[in-house]
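Below: one structure, written as structure tokens.
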Amino acid sequence: MKLALVLALMSLMAQISTAASRDLTAAPTTRPEKLREQWQRAFAAGDSAGLAEMYWPDADLLPPGGEKKTGAGDIKMFWGEQVAKFTNPTVGTSKVVVVSPIYMVETGLLTFEHKTPAATGPRKAFMGHYVVVWRKSKNSWKIAVDTWNSSEFIQAPLP
């Protein structure tokens, strides 16, 4: 009797593991590309509300050297300040790791141009690396955690 129970449990665990593997391999890896494009368009348009909508209601945004921002209000305010300072965002993914059917982690490179007036010197380009944890909600993905570095940012004069 105990042997039958153990075998049944092992069979069930194997079925769950196989189903989970199928879910992970079937998870869309191209989806972050569309999300990045949406994020870039909202930033380029100065749409801090649109940026904030891409985050979970209790998402954490962890800016380098700054205080953690949690929730739509803080995140909208933060991005409102950033779109006033920067332009031409470029976000490129280097890796997407699907952690489960509802979580994926994206890493990559980001660049921005600083909106420095020409009278104060040449415009600068800022580059850094980011990590975003995406969480699926019904049929859409939203950002659960967002962070990037600045200690390695490179400032380069733009033509």
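Both backbone and side-chain heavy atoms feed into the values below; hydrogens, waters and symmetry mates do not. The first residue of the sequence shown is numbered 1, and numbering continues consecutively from there.
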Output a table of donor-acceptor pairs, distance under 3.5 Å, between side-chain atoms of residues 47-64 and any protein atom two or more places apart or on a different chain; print 'none' if there are none.
residue: Asp47; atom: OD1; partner: Ala49; partner atom: N; Å: 3.4
residue: Asp47; atom: OD1; partner: Gly50; partner atom: N; Å: 2.7
residue: Tyr55; atom: OH; partner: Trp79; partner atom: NE1; Å: 3.1
residue: Tyr55; atom: OH; partner: Asp146; partner atom: OD2; Å: 2.5
residue: Trp56; atom: NE1; partner: Arg135; partner atom: O; Å: 3.2
residue: Asp60; atom: OD1; partner: Thr70; partner atom: OG1; Å: 2.7

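- Residues Arg41 and Glu37 meet the side-chain proximity criterion, which asks for heavy atoms closer than 4.5 Å.
- Lys69 approaches Asp74 most closely through the heavy-atom pair CB-CB, 3.9 Å.
- A 4.5 Å side-chain heavy-atom check between Trp134 and Val105 finds every atom pair outside the cut-off.
- Taking every heavy atom of both residues into account, Tyr103 and Val133 meet most closely at CD2-CG1, 4.0 Å.
- For residues 95-112, every residue pair satisfying the salt bridge (Lys or Arg N to Asp or Glu O under 4.0 Å) rule, not counting sequence neighbours, is listed here: Arg36-Glu106.
- Under the 3.5 Å distance criterion, the side-chain polar atoms of Ser137 are left unmatched by any main-chain donor or acceptor of Ser140.
- Following chains of ILVMFWY side-chain contacts shorter than 4.5 Å, one cannot reach Met77 starting from Ile75, and the two form parts of different hydrophobic clusters.
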Practice prompt. Dump the intermediate steps for side-chain contact (heavy atoms from CB on, under 4.5 Å) on Trp148 and Val131, then the final yes or no.
Written response: CA-CA 6 Å; Trp148 60 98; Val131 177; over 6 Å; no
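- Lys136 contributes no side-chain N or O that, together with a main-chain N or O of Ser100, makes up a donor-acceptor pair within less than 3.5 Å.
- Residues passing the ring pair (Phe, Tyr, Trp, His ring centres under 6.0 Å) test with Tyr130, sequence neighbours excluded: none.
- Across all their heavy atoms, Val98 and Met104 have their closest contact at CA-CB, 4.1 Å.
- Between Lys85 and Phe112 there is no side-chain heavy-atom pair separated by less than 4.5 Å.
- In this structure, the separation between CE on Met127 and CG on Leu109 is 6.5 Å, given to the nearest 0.5 Å.
- Ring geometry for Phe86 against His114 counts as perpendicular: the plane angle is over 60°, on a 0 to 90° scale with 30° as the lower cut.
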